[in-house]
Amino acid sequence: MQGRDILEIDLLAPLGPKYASLELALGRRIEAVERRGKFLLMPLSGGLELVAHLGMTGVLAQDAPSERAASHVRVRVGLSGGAPNVLYFLDPRRFGRFLVVKRGEYAGLPTLAALGPEPLSDGFTVAAFQSALQRSHMSVKSYLLSQRPVAGVGNIYADEALWRAAVHPLTPASALTPEQATRLHHAVREVLSAAVASQGTTLSDYRTVLGKQGEYARQLAAYGRAGQPCPRCGTTMQRLVVGQRGTSYCPTCQAAPKGKP
DNA sequence: CGCATTTCCTGGTAGC
DNA sequence: TGCTACCAGGAAATGC
């Protein structure tokens with residue numbers, strides 16, 4: 001994709017502001033393909049930028065979709081150069097985004113505008129993470145999901161990291177001890193680097209760009225394991241809802257913060 | 001301003 | 001088998 005020109009870009013149905021300003025990409029060159037957190041960023045010539053987000057179930061593919069998936073194609077991008085020279089953006093549940101903005105202007109994308117450091121970069125330090133936690137009054141799980149203290153942690157990896165760090169998901173972020181914050185920092189890095197090494201977590205539909213299943217599901221210790229024994233202590237894992245998200249945790253390893261039963 | 005709640009949307013599945 | 005009802009969730013919009 002990098003270095004190619006966008007010769008065609010078709011939005012296959014009106015989908016509102018999640019798919020805005022695509023016509024501006026016509027005739028532009030894709031100068032780079034980058035990732036920040038869960039956002040895919042493609043700087044275009046002319047000071048523009050294509051921003052894509054797969055939501056939960058989105059797919060960006062160069063292969064023509066199967067008959068079954070054809071109805072989920074939302075955007076088709078025709079590129080210069082030899083085959084493969086078509087990009088298909090599939091988004092079955094319409095939770096994705098695919099839009100053109102002025103480069104670096106993320107006013108309509110507040111999460112991207114306030115995105116925390118990349119978890120596997122040198123910019124994600126214990127000190128910075130600790131001071132971010134200090135400033136939030138949200139539960140630590142909700143704060144992780146906000147993408148502000150660190151980029152890219154979704155529901156699965158939040159549960160995994162909190163379990164590894166032995167931190168209860170409802171602990172107020174600012175109430176974490178320095179030891180807990182340090183453990184959580186390391187846990188986020190360990191979980192994400194292991195998940196990347198396993199090419200992600202396939203629960204049902206997710207496939208890598210090469211069509212392979214992500215293999216991290218077999219390593220999940222917490223996510224989706226409510227009612228099953230904790231891999232560390234054997235206690236039955238519990239489920240609760242945090243910020244409208246299903247949450248699994250071990251009531252023994254991840255002791256409740258003071259005042260929470 | 002900061003946080004909580006609601007909304008978007010459809011495939012998958014439980015229950016009958 | 002076929003129907004209904006409900007759940008899942010990332011980020012934005014809305015509410016307080």
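Chain naming here is simple, since letters A, B, ... match the order of the sequence lines and numbering starts at 1 in each. All values below were derived from every heavy atom in this structure, side-chain atoms included, with hydrogens, water molecules and symmetry-related copies excluded.
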Measure [atom1]/[X] against [atom2]/[N] and give the value in whole Å, please.
X: A:Q147; N: B:dC3; atom1: CD; atom2: P; value: 16 Å
X: A:R68; N: B:dG11; atom1: CZ; atom2: P; value: 9 Å
X: A:L112; N: C:dA11; atom1: CG; atom2: P; value: 10 Å
X: A:L170; N: B:dA4; atom1: CG; atom2: P; value: 11 Å
X: A:D91; N: C:dA12; atom1: CG; atom2: P; value: 14 Å
X: A:L15; N: C:dA12; atom1: CG; atom2: P; value: 16 Å
X: A:L54; N: C:dA8; atom1: CG; atom2: P; value: 22 Å
X: A:Y106; N: C:dA11; atom1: OH; atom2: P; value: 14 Å

Let me know, please, whether A:M138 or A:S71 comes out on the 5' side of the other along DNA chain B by nearest nucleotide.
A:M138
Which part of the nucleic acid does [X] contact within heavy-atom distance under 4.0 Å: base, sugar-phosphate only, or nothing?
X: A:G96; value: nothing
X: A:S136; value: sugar-phosphate
X: A:P110; value: sugar-phosphate

So, is [X] near the phosphate of [N], with a side-chain N or O under 4.0 Å from OP1 or OP2?
X: A:Y157; N: C:dG10; answer: no
X: A:H137; N: B:dC3; answer: yes
X: A:K38; N: C:dA11; answer: yes
X: A:R239; N: C:dA8; answer: yes
X: A:H72; N: B:dG11; answer: yes
X: A:S146; N: C:dA11; answer: no

Between [options], which nucleotide has the shortest distance from any of its atoms to the side chain of [X]?
X: A:R94; options: B:dT10, C:dA11, B:dC8; answer: B:dT10
X: A:R245; options: C:dA8, B:dA4, B:dT7; answer: B:dT7
X: A:R93; options: B:dA4, B:dT10, C:dA12; answer: B:dT10
X: A:R97; options: C:dG9, C:dA11, B:dC8; answer: C:dA11
X: A:M56; options: C:dG10, C:dG9, B:dC3; answer: C:dG9
X: A:Q244; options: C:dA11, B:dT6, B:dC9; answer: B:dT6
X: A:N155; options: C:dG9, C:dA12, B:dG11; answer: C:dG9

State whether the number of non-hydrogen atoms from other residues, nucleotides or ligands found under 6.0 Å of A:R76 atom CZ is greater than 12.
no
Just wondering, are more than 12 heavy atoms of other shown residues or ligands nearer than 6.0 Å to CD in A:E67?
no
Under 5.5 Å between ring centres and under 30° between planes: does that hold for A:F95 against the base of C:dG9?
yes
For a side-chain hydrogen bond (donor to acceptor under 3.5 Å, both in side chains) check, start with the C-alpha distance between A:Y88 and A:D63, then their side-chain angles and the critical distance, and finish with the verdict.
CA-CA 8 Å; A:Y88 300 90; A:D63 311 312; over 6 Å; no
Candidate pair A:S174 and A:H137, rule side-chain contact (heavy atoms from CB on, under 4.5 Å), full reasoning:
CA-CA 6 Å; A:S174 56; A:H137 296 109; 4.1 Å; yes
Electrostatic pair A:E49-A:K102, nearest N-O below 4.0 angstrom
no
Just one of A:T247, A:L184, A:L170 clears the side-chain contact (heavy atoms from CB on, under 4.5 Å) bar with A:L162, so which one?
A:L184
